[in-house]
Amino acid sequence: YTDLNITPEPTVTIEPDQADIMAEKWVAVEIELKSSKEYSTTERDTYALPVNGVFKNRTTGTELKIPAFFDGDNIWRIRFAGTETGIWDYTVECDSDESLSSYKGSVGVSSYSGDLDVYKHGFVTARYGKKYFTYDDGTAFFYLGDTHWTMFKEEFDSAGDHAGDTGAASHFKYIVDKRVEQGYTVYQSEPIEAPFDLSAGKISRRSLNGFAEADKYFQYLAEKGLTHANA
């Protein structure tokens with residue numbers, strides 16, 4: 001694998017007074033939307049309600065449409081990762097709820113300041129050549145991963161019964177940290193015994209809580225710079 005001809009980008013810094021929300025390139029931020037309407041968790045019309053954030057870069061004109069997700073009660077959330085530096089202005093689209101569509105604001109995306117490749121070079125893609133993986137900027141990506149079949153059975157905040165004599169304060173974090181130390185770039189997982197269940201075609205309060213629990217695992221993987229291949 002050889003890298004494409006990559007021209008390093010100049011470092012861009014957005015000051016806090018230039019945008020409502022501050023972020024770094026490729027690192028996701030969360031925007032909370034609160035509706036003035038009452039919604040039922042168990043009604044499909046609630047969590048299937050089309051709510052989208054439309055983000056536009058002031059400098060380049062690049063536009064991204066990001067779907068929001070229902071998070072219980074009257075809350076929706078949008079998770080946005082800026083693919084370019086600069087100030088992104090956003091509005092919210094929702095034809096049937098004016099209180100949601102009234103949201104607007106801006107996200108200031110500065111250059112990434114850390115040392116994780118997935119944020120230095122961008123998310124993994126196959127669009128260059130289409131037969132091999134690269135990061136977004138064309139830097140070669142080596143896919144090395146194995147599968148954690150029962151990820152949600154591993155304790156997140158404690159050693160638990162599965163940690164054995166490892167001395168780990170968190171069995172899940174112990175496993176992830178070991179993979180990072182070994183040079184893995186991908187973390188594959190299966191939702192076996194997941195704390196959520198969508199088989200009935202509805203979202204229960206238990207499943208919403210389960211998604212929030214799963215978020216902790218997914219976020220830790222992201223913070224460690226691993227690409228997560230979640231079945």
Side-chain angles (χ1 to χ4, degrees), residues 14 16-58 62-83 87-110 119 123 151-152 154-157 170 172-173 187 189 191 193-224 226 228 230-231:
I14 306 297
D17 60 350
Q18 293 180 276
D20 301 321
I21 300 170
M22 304 307 297
E24 291 189 341
K25 188 176 178 182
W26 297 110
V27 181
V29 292
E30 184 174 276
I31 299 170
E32 180 181 286
L33 311 175
K34 187 174 294 186
S35 172
S36 61
K37 293 185 177 181
E38 296 293 328
Y39 287 93
S40 170
T41 299
T42 58
E43 293 296 327
R44 190 179 188 282
D45 288 346
T46 296
Y47 59 84
L49 185 70
V51 182
N52 295 292
V54 180
F55 296 77
K56 186 172 184 178
N57 189 307
R58 287 184 193 175
T62 299
E63 188 170 289
L64 299 175
K65 179 179 286 190
I66 311 295
F69 65 91
F70 176 60
D71 200 28
D73 299 323
N74 61 340
I75 302 296
W76 272 259
R77 301 184 189 278
I78 300 172
R79 288 177 180 160
F80 169 74
T83 58
I87 298 175
W88 295 74
D89 296 302
Y90 71 87
T91 57
V92 176
E93 296 179 341
C94 182
D95 292 340
S96 58
D97 191 329
E98 291 184 1
S99 61
L100 292 176
S101 62
S102 66
Y103 277 87
K104 61 182 179 180
S106 58
V107 181
V109 179
S110 299
Y119 302 123
F123 296 157
M151 183 173 74
F152 294 120
E154 314 302 346
E155 295 80 6
F156 186 87
D157 294 316
S170 162
F172 170 72
K173 293 178 183 178
Y187 202 87
S189 70
E193 296 195 34
F196 46 82
D197 181 8
L198 304 179
S199 60
K202 296 180 179 180
I203 294 183
S204 65
R205 171 55 63 181
R206 175 184 176 277
S207 288
L208 285 173
N209 292 339
F211 285 131
E213 182 70 15
D215 266 346
K216 296 192 299 184
Y217 291 76
F218 293 179
Q219 180 64 28
Y220 191 77
L221 291 170
E223 290 171 356
K224 292 296 180 176
L226 292 169
H228 186 195
N230 173 237

- Task: Give a yes-or-no answer on whether the side chains of Asp89 and Ser106 include a donor-acceptor pair shorter than 3.5 Å.
- Result: no

- Message: Under a plain distance cut-off of 3.5 Å, with no hydrogens placed, do Tyr90 and Asp20 share a side-chain donor-acceptor pair?
- Response: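 On atom types as modelled, these side chains do not qualify, holding no pair under 3.5 Å.
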
- Query: Between Lys34 and Asp73, does at least one N-O distance fall below 4.0 Å, as a salt bridge requires?
  - Reply: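 No, no charged N to carboxylate O under 4.0 Å.
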
- Evaluate the side-chain contact (heavy atoms from CB on, under 4.5 Å) criterion for residues Glu32 and Ile75: first the C-alpha distance (whole Å), next the side-chain angles of each, then the deciding distance (0.1 Å), finally the verdict. CA-CA 7 Å; Glu32 180 181 286; Ile75 302 296; 3.9 Å; yes

Report yes if the side chains of [X] and [Y] come closer than 4.5 Å at any heavy-atom pair, otherwise no.
X	Y	value
Arg79	Val29	no
Phe55	Thr62	no
Phe211	Arg206	no
Ile21	Ile31	yes
Phe80	Val107	yes
Val92	Val54	no
Asp95	Pro50	no
Thr91	Tyr103	no

- Item | Trace of the side-chain contact (heavy atoms from CB on, under 4.5 Å) decision for Phe70 with Leu49 | CA-CA 8 Å; Phe70 176 60; Leu49 185 70; over 6 Å; no

- Message: Restricting to side chain to side chain donor-acceptor pair (under 3.5 Å), what partner residues turn up for Ser189, sequence neighbours left out?
- Response: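 Residues passing side chain to side chain donor-acceptor pair (under 3.5 Å) with Ser189: His228, Asn230.
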
- Task: Sequence neighbours left out, what passes side chain to side chain donor-acceptor pair (under 3.5 Å) with Asn209? Give chain and number order.
- Result: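 Side chain to side chain donor-acceptor pair (under 3.5 Å) list for Asn209, sorted by chain: empty.
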
What distance do [X] atom [atom1] and [Y] atom [atom2] have between them, rounded to the nearest 0.5 Å?
X	Y	atom1	atom2	answer
Ser110	Ile87	OG	CD1	9.0 Å
Asp215	Glu30	CG	CD	7.5 Å
Glu193	Glu154	CD	CD	10.0 Å
Ser204	Asp197	OG	CG	7.5 Å
Leu33	Ile78	CG	CD1	4.5 Å
Glu63	Asn57	CD	CG	11.0 Å

- Task: Could you tell me whether Trp76 and Phe69 have their ring centroids closer than 6.0 angstrom?
- Result: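 For Trp76 and Phe69, the ring centres are not under 6.0 Å apart.
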
- List in chain and number order the residues that pass ring pair (Phe, Tyr, Trp, His ring centres under 6.0 Å) with Phe156, two or more places apart in sequence or in another chain; answer none if no residue qualifies.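 In terms of ring pair (Phe, Tyr, Trp, His ring centres under 6.0 Å), with neighbours along the sequence ignored, Phe156 is linked to Phe172, Tyr217.
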
- Does Lys173 have any salt bridge (Lys or Arg N to Asp or Glu O under 4.0 Å) partners at least two apart in sequence or in another chain, and if so, which?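 If we apply the salt bridge (Lys or Arg N to Asp or Glu O under 4.0 Å) test to Lys173, skipping adjacent residues, there are no hits.
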
If every non-hydrogen atom of [X] is compared with every non-hydrogen atom of [Y], which pair is closest and at what distance?
X	Y	value
Pro16	Met22	CA-SD, 3.6 Å
Ser35	Ser99	OG-OG, 3.3 Å
Ser101	Cys94	CB-O, 3.7 Å

- Message: I'd like to know whether NZ of Lys104 has more than 12 heavy-atom contacts from other residues, nucleotides or ligands below 6.0 angstrom.
- Response: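 No.
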
- Full working for side-chain contact (heavy atoms from CB on, under 4.5 Å) between Leu64 and Trp88: CA-CA 10 Å; Leu64 299 175; Trp88 295 74; 3.9 Å; yes

- Could you tell me which residues satisfy side-chain contact (heavy atoms from CB on, under 4.5 Å) with Ala194, sequence neighbours excluded, listed by chain and number? Phe152, Pro191, Phe196

- Task: Check side-chain contact (heavy atoms from CB on, under 4.5 Å) between Glu223 and all other residues, then give those that pass, not counting sequence neighbours.
- Result: Gln219, Tyr220

- Query: Should Ile14 and Val109 be marked as a side-chain contact (heavy atoms from CB on, under 4.5 Å) after you check the CA-CA gap, both sets of side-chain angles, and the distance that decides it?
  - Reply: CA-CA 6 Å; Ile14 306 297; Val109 179; 5.7 Å; no

